[in-house]
Asker: 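Sharing a structure here in structure tokens format.
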2 protein chains.
Amino acid sequence: MEEDAVIKAMSALAHANRLRIFRLLVVAGGAGATPGTIADTLALPAATLSFHLKELLNAGLIGQQRQGRNLIYRADYAQMGALLAYLTDNCCQGEACDQPATLACQC
Amino acid sequence: MEEDAVIKAMSALAHANRLRIFRLLVVAGGAGATPGTIADTLALPAATLSFHLKELLNAGLIGQQRQGRNLIYRADYAQMGALLAYLTDNCCQGEACDQPATLACQC
DNA sequence: TCCATATTTCGAATATTATGGAATTAATGG
DNA sequence: CCATTAATTCCATAATATTCGAAATATGGA
């Protein structure tokens, strides 16, 4: 992952509303969720939600698919994995990052 | 790790200058680095560097120690590990994040 | 075609973040 | 106590991000 992409992804997740949106989509899994559902769940005005969805989309962290009148958003696990890989590499270079609890991969 | 701390840490790393500063400190390891060295290496004005160091410090991602006339900054691997743990947990909930290459822990 | 629903885009106000020169604080040695 | 080096804080400016009502766009059904 390029530095630009990393910064975009981190910026996207570094906001309470967007982190909640992303977490909601992670929990939603393959079914994804529509803006309507997300707006209801997180009590966000439609325009505000749309702004944040665009940010996450732009960062490649989520995907979008139209289904009739609805749009379905889904978390992009590959992109999130790539971000984690970058951070893991940069955490562990130069010095052992030997904290078993924090870095035990549960996947 | 609390949501607030996660957002602070992500915000701190979501900036080209700060990501570079942090990576430099990770590579520097236990010896750490002084603002002078960092400023020279990354070609940043002192005031700008100081601003970014404060952000990283505030996010708990780096530590500070005075040694004579110099300040020594060091990466805080535990905090970075905690951030990674949070993200890993939130990436892997709900759906398998089964991309061996991206999530193989090298630590 | 017309209406209702779902969602986005526009736009303008507000808030937050970033930059860097100049002034300030901290530490050491002569 | 003064000069020097190291680094921060102050401050004004510039740039970017956030919010959300209102208007626009898209879709499907009557």
Side-chain angles (χ1 to χ4, degrees), chain A residues 3-25 28 31-76, chain B residues 3-25 28 31-76:
Chain A
E3 189 190 80
D4 277 8
V6 170
I7 288 168
K8 253 186 170 177
M10 302 266 289
S11 293
L13 293 175
H15 186 279
N17 283 337
R18 285 192 297 264
L19 186 58
R20 282 176 201 141
I21 293 166
F22 185 73
R23 303 224 301 139
L24 185 154
L25 290 178
T34 64
T37 304
I38 303 172
D40 286 351
T41 307
L42 302 181
L44 289 175
T48 300
L49 174 62
S50 206
F51 168 80
H52 289 304
L53 285 171
K54 196 160 76 169
E55 292 290 304
L56 287 165
L57 200 58
N58 201 242
L61 285 165
I62 64 177
Q64 186 193 54
Q65 181 194 10
R66 184 168 279 281
Q67 197 157 76
R69 258 195 285 245
N70 300 297
L71 279 176
I72 300 184
Y73 284 94
R74 292 190 183 83
D76 187 320
Chain B
E3 189 189 80
D4 278 9
V6 170
I7 289 167
K8 254 187 171 177
M10 302 266 289
S11 293
L13 292 176
H15 187 280
N17 283 336
R18 285 193 297 266
L19 187 57
R20 281 174 202 143
I21 292 166
F22 185 74
R23 302 224 301 139
L24 184 155
L25 290 177
T34 64
T37 305
I38 303 172
D40 286 351
T41 308
L42 302 181
L44 290 174
T48 299
L49 174 61
S50 208
F51 168 80
H52 290 304
L53 285 171
K54 196 158 78 169
E55 293 289 305
L56 287 165
L57 200 58
N58 200 244
L61 285 166
I62 65 177
Q64 188 194 54
Q65 182 195 8
R66 184 167 278 280
Q67 197 158 76
R69 260 195 285 243
N70 302 297
L71 280 175
I72 299 183
Y73 284 94
R74 291 189 185 83
D76 186 320

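In what follows, chains carry the letters A, B, and so on, assigned in the order in which the sequence lines appear, proteins first and then strands, with residues in each chain numbered from 1.
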Asker: Quick check: do B:R20 and B:N17 have side-chain heavy atoms less than 4.5 Å from each other?
Answerer: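 A side-chain contact exists here, since the closest heavy-atom pair is under 4.5 Å.
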Asker: When you list every nucleotide of DNA chain C with an atom under 4.0 Å from a heavy atom of chain B, which one comes first 5' to 3', and which comes last?
Answerer: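 First and last nucleotides in contact are C:dA18 to C:dT28.
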Asker: Measure from the side-chain N and O atoms of B:R18 to the backbone N and O of B:A12, and report whether any donor-acceptor pair falls under 3.5 Å.
Answerer: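 Side chain of B:R18 to backbone of B:A12: a pair is present.
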Asker: Under 4.5 Å between any side-chain heavy atoms of B:I38 and B:L25, yes or no?
Answerer: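 The answer is yes, as the side chains (C-beta and beyond) meet within the 4.5 Å cut-off.
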Asker: Can you tell me how far P of D:dA6 sits from CG of B:L53, to the nearest Å?
Answerer: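 Rounded to whole Å, this separation is 16 Å.
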Asker: Using whole Å, report how far NZ of B:K54 lies from C1' of D:dA7.
Answerer: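 Going from NZ in B:K54 over to C1' in D:dA7 covers 12 Å.
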Asker: Near DNA chain D, counting only heavy atoms under 4.0 Å, which residues of residues 59-67 of chain A show up?
Answerer: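 Hits under 4.0 Å, by residue number: A:R66.
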Asker: If the test is side chain to side chain contact (heavy atoms under 4.5 Å, CB included), which one of B:D76, B:L61, B:L53 qualifies with B:F22?
Answerer: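 Answer to the side chain to side chain contact (heavy atoms under 4.5 Å, CB included) test with B:F22 among B:D76, B:L61, B:L53: B:L61.
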Asker: Does some side-chain heavy atom of A:I62 sit less than 4.5 Å from a side-chain heavy atom of A:I21?
Answerer: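 Sidechains of A:I62 and A:I21: no contact.
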Asker: With a cut-off of less than 4.0 Å, is there a side-chain N or O of B:Y73 near OP1 or OP2 of D:dT8?
Answerer: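 Looking at the OP1 and OP2 atoms of D:dT8, one of them is under 4.0 Å from a side-chain N or O of B:Y73.
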Asker: B:I21 has an atom CD1; how far is it from atom P of D:dT8, in whole Å?
Answerer: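 Rounding to the nearest Å, CD1 of B:I21 and P of D:dT8 are 11 Å apart.
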Asker: Any non-hydrogen side-chain atom of B:F51 less than 4.5 Å from a side-chain atom of B:E55?
Answerer: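 Yes - at least one pair of side-chain heavy atoms lies under 4.5 Å apart.
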Asker: Going 5' to 3' along nucleotides 17-22 of chain D, which nucleotides have protein heavy atoms under 4.0 Å from the base (write B), which only from the sugar-phosphate (write S), and which from neither (write -)?
Answerer: -BBBB-
Asker: So which heavy atom on B:A9 is nearest to which on B:A59, and how close?
Answerer: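 For B:A9 and B:A59, the tightest heavy-atom pair comes out as CA-CB, 4.0 Å.
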Asker: Give a yes or no answer on whether the side chain of B:R74 reaches the backbone of B:G63 with a donor-acceptor pair at less than 3.5 Å.
Answerer: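 It does not hold such a pair.
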Asker: Checking B:S50 side chain against B:A46 main chain: does a donor-acceptor pair fall under 3.5 Å?
Answerer: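 It does not hold such a pair.
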Asker: What are the two closest heavy atoms between A:H15 and B:I7, and how far apart are they?
Answerer: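 Heavy atoms only, the tightest pair is C-CD1, 4.0 Å.
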Asker: Looking at side-chain heavy atoms only, is the closest gap between A:L42 and A:L49 below 4.5 Å?
Answerer: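 They are not in side-chain contact.
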Asker: Under 4.0 Å: is that the gap between some side-chain N or O of A:N70 and OP1 or OP2 of D:dT27?
Answerer: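 No, A:N70 has no side-chain N/O under 4.0 Å of OP1/OP2 on D:dT27.
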